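Each remark here refers to the structure printed beneath this line.
Owing to the predicted nature of the structure, the values given are computational and were not obtained by experimental measurement.
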Amino acid sequence: MRIKEGFELRRVCGENIIIATGRRNIDFSKVVTLNESAALLFEAAQGRDFTERDLLPVLTAEYDVGEEQALGDIREMLHEWAETGLTEE
């Protein structure tokens, strides 16, 4: 899995917002905001191929959460990213 080219994470007025920088990604009907943990994972995943297991140590190193719970949260987040069009296989 990979985050599509043309998406960047920006901090705007205290919010983590995904900005579309490429014409093909622009959809003004959607604004994607990320909480702190999702922003951390987005930064870790950006610019490389990754799996949910690749993101697991990023989350467990930063937060006091068990691997099973973290993996469930990562799966849910990746599903949302795919539905939003942020990722590609």
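T84 contributes no side-chain N or O that, together with a main-chain N or O of L86, makes up a donor-acceptor pair within less than 3.5 Å. The backbone N or O of F7 lies less than 3.5 Å from a partner atom in the side chain of Q46, making a donor-acceptor pair. Although no hydrogens or angles enter the test, the distance criterion places a donor-acceptor pair under 3.5 Å between the side chain of R2 and the main chain of G47.
In terms of heavy-atom proximity, A70 sits nearest to T60 at CB-CG2, 3.9 Å. When every heavy atom of L56 is checked against every heavy atom of E67, the shortest pair comes out as CD1-O, 3.7 Å. Between F50 and I3, the closest heavy-atom pair is CE2-N, 3.8 Å.
Few gaps surround CZ on R48; more than 12 heavy atoms of other groups in view lie less than 6.0 Å from it.
Using a 4.0 Å cut-off between charged side-chain N and carboxylate O, R75 and E68 make no salt bridge.
A distance of 8.0 Å separates CG of L41 from CG of L78, quoted to the nearest 0.5 Å. Rounding to the nearest 0.5 Å gives a distance of 6.5 Å between CG of L34 and CH2 of W81. To the nearest 0.5 Å, atom CG of residue L59 and atom CD of residue Q69 are 9.5 Å apart. In this structure, the separation between CG on L40 and OH on Y63 is 5.5 Å, given to the nearest 0.5 Å. Atoms CE and CG, on M1 and L55 in that order, are 9.0 Å from each other to the nearest 0.5 Å. Distance check: I19 CD1 to E8 CD gives 8.5 Å after rounding to the nearest 0.5 Å.
At a threshold of 4.5 Å between non-hydrogen side-chain atoms, the residues I74 and R53 do not count as touching.
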Derivation of the side chain to side chain contact (heavy atoms under 4.5 Å, CB included) call for I18 and R10: CA-CA 6 Å; I18 301 296; R10 303 269 175 91; over 6 Å; no
